[in-house]
Amino acid sequence: MVQLYNLHPFGSQEVVPCKLEPERFCGGGRDALFVAAGCKVEAFAVAGRGLCQPRCAFSTLGRVLRLAYSEADISNETLQLESDDFVICQKPMELLGEKSKQSGIAVTLESTGLADEKIKYFHVQHLLYRCFAPDISSCVLSDDIKLHSLQLLPIYQTGSLTSERKHSSQEKELLSLFCFFSLPHVGYLYMVVKSVELMSVYQYPEKSQQAVLTPQFLHVITSNNLQCYTVRCSAAAAREEDPYVDTTLKACPPVSMDVCALRIQLFIGLKAICHFKNHIILLTKADPETIPERRESPKRLLSRKGTSVNLKTPPVAEAGWNLYIVNTISPVQLYKEMVDYSNAYKTAKTQSCIHLLSEAHLLVRAALMDASQLEPGEKAELLEAFKESCGHLGDCYSRLDTQYSHLALPYYKMSGLSMAEVLARVDWALEDGAQKYERGLIFYVNHSLYENLDEELSEELAAKVVQMFYVAEPKQLPHILCSPSMKNIDPLTAISYLRKLDTSGFSSVLVTLTKAAVALKMRDLDMHRNEMKSHSEMKLVCGFILEPRLLIQQRKGQIVPTEFAVQLKETQPGLLVASVLGLQKNNKIGIEEADSFFKVLCGKDEDTIPQLLVDFWEAQLVACLPDVVLQELFFKLTSQYIWRLSKRQPPDTTPLRTSEDLINTCSHYGLISPWVNVLISSESLADKNYMEDLSKLQSLICGPSFDIASIIPFLEPLSEDTVAGLSVHVLCRTRLEEYERCIDRLLERCPEAVIPYANHELKEENRTLWWKKLLPELCQRVKCGGEKYQLYLSSLKETLSVVAVELQLRDFLNVLPEDGTAAFFLPYLLYCSRKKSLT
């Protein structure tokens, strides 16, 4: 049974000054009412308060059979219905969507009056087929299955509820479409956009005669009553329009919520009804007893088109009629009455309070969706009512123990209330000597504190929140205390509750870390150190992963390191780096966020890289995180190594890992080629930090994963005039297999490194470079003499020893210089000629 509230949706009423008894009437445009009688049509202007003034009258060529209003430039589609006769034993049937074709009823689109080129734009879409069986318990055929008031109601796209966009008729975009039809004792409302779905069923307390559907209400007339029911059109349209409805961000009362009757108002002799804007047009007529009632065949269906009303032509003898305009009150006024009405249920903590407030919310939401009906200034008032209704629903779901308590969160968000304002609405009084906190309030506060809202609770409210979670959700207490919104909590209060958790058997590394954080606020370093010593470093890392806000918080969209993070930077930087790495590995922080964190923590600007961030990058390589793009990480590290080497800039803090540590623990850092050590030892590099950066860069280049070609353009700041720069350039060129170029550079800059380089690099298919490149180059340089003569001579002898082993005698002779001294080469020729016999 539909619930009835005794509310007042109807306001003033006026009599339409018709000269003749109305046979057809409809509303349309901004303020027009059209009334037809016989061959004459009267037009009236309906003022804002329902005052009705005659505008004009005109005659038609024949009796008016149907009357409908159409806006300019808006096309009207006409539904044609065909129906088989009802069979008494036929079963009730419902077919939705394309399945309606299975009914066997043919629907043909007539093109009479349409130009041929326009016919292609029209088509028939099957929406719904329903077959109703009469009540066979009655011996007399009843009218219980006689359909009336078929209506399609469109709702158009409006954008955000707070949008100021004004839609012209040409800009209308269909959002939802609803289909309503009624039997004498029951009405059906379907949604027919993406799919056909039954939304609501209306059970009337007495036999209905006609009904009209609006975005906000269903108005039904019986012989003596005007009834007003709520509808779910705005709830369905909201879900079509906004994908965030039914999430933690936004909510809307469900489409499935039971409808209710807001008012059943006595109105004698009702015959017909139509609706436009905020006006209801009613025709009443007293039936003289002398005129027998004419019964229509049960086969005939009453059809409707738009808002027009179709009445049987009355006999001349009938008299006593009136045409009324009943004005519905403003949505805000009715909303306020519904809120006042709901207060009767508030203390009882029943579902009725939620139901009525949900109806009030949908009323305001529907009015906002129907923006074309709003007067200037009305939208701001409606938006305020909308936010207020969200606050009321948030209060209900936060206080009542229901399965939908979680809806407190989205409704409070939509209300625009701050967390402090929500908490101020809470009744903190004790019940039976014990405080009880409902799930909805806990859910709202818990989520709000997790969302890093830029709002700080007062010390008093923070203490109440701590008390609430200590009683209701003690496991959440450490997380709650880490929220930026709880900044003003008294540290003594916080540590008191945390110690109670320990004594009650609730002890964990998270509690330990939270106590350590509170100890820092109290400036009690001894307590802080004792807490940090109570767990291993691995467990402490796990604790930070459970609650990242112990280290990192966000305020106004900016990364803010905590006091705890600052302390770890000074005392345990390795633990800090390991913890942030753990956060990244568990998707608690992004790559860019982590980089920003270390820069802010170390007080560096965007272009300056602190050593602690370099330590973090190196730790990422060691950990081999799957979501890290290796080449981007290589680029970050090599760029920093190159910059510091080129500027002779030492790190601002002691690096956590040496190059040896990285080579031993990370596969991306390779063993440095032996010839590099020979090259580096040719000059004195006393700076330990400089040598460490150089070794790390060389090791990365020697590793298996490094894309050498990508780094070549960035080597320019590292000059080849230094052995450090030379080693890096030669390593890169070697990885690119530019061996001849590398040999030339080494012969010119560091001849003592040439043979170690050749021994390590000129192997397999590159071994021919010993005699094709190195041997002729050395012979030429020895011949030229100079200050490096002895170095070149020594290298030539080692080269000849290698070539004598590799080549046959004839080939060896062919590679020797023609102008060489025979005595110098003779020992190597003799060795080459004897090696076959020796083997």
* Mind listing the closest non-hydrogen atom pair of Phe217 and Cys228 along with its distance? => CD2-SG, 3.5 Å
* Over all heavy atoms of both residues, which pair between Lys271 and Ile221 is shortest? Give the atoms and the distance, please. => C-CD1, 3.8 Å
* Please find out if less than 6.0 Å separates the ring center of His8 from that of Tyr341. =>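 No: the rings miss the under 6.0 Å criterion.
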* Asked: Between Phe386 and His361, is the ring centre distance below 6.0 Å?
  ->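 Centroid distance Phe386-His361: below 6.0 Å, so yes.
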Contact check, side chains of [X] and [Y], non-hydrogen atoms, under 4.5 Å:
X	Y	answer
Leu362	Cys252	yes
Glu42	Pro54	no
Cys274	Ile281	yes
Val212	Phe180	no

* **Tyr202 and Ser208: side chain donor to acceptor below 3.5 Å** => no
* Asked: Among side-chain atoms of Asn327 and Ser12, is any donor-acceptor pair under 3.5 angstrom?
  ->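 A pair is found: one side chain offers a donor N or O, the other an acceptor, under 3.5 Å apart.
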* Determine, for Tyr188 and Arg130, whether the Lys NZ or Arg CZ falls below 6.0 Å from the six-membered ring centre while staying within 45 degrees of the axis. => yes
* To do: On the 0 to 90° scale, with breaks at 30° and 60°, tag the Phe181-Tyr190 ring pair as parallel, tilted or perpendicular.
  =>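 The rings of Phe181 and Tyr190 lie parallel, inter-plane angle below 30°.
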* Asked: About how many Å separate OG1 of Thr284 and CG of Leu226, when rounded to the nearest 0.5 Å?
  -> 11.5 Å
* Nearest-0.5 Å distance that lies between atom NZ in Lys146 and atom OG in Ser182 -> 12.5 Å
* Asked: Is it true that Glu359 and Arg232 have a side-chain N and a carboxylate O under 4.0 angstrom from each other?
  -> yes
* Structure fact -> Paired with Arg63, the side chain to side chain contact (heavy atoms under 4.5 Å, CB included) test is passed by just one of Glu23, Arg24, Lys40, namely Glu23
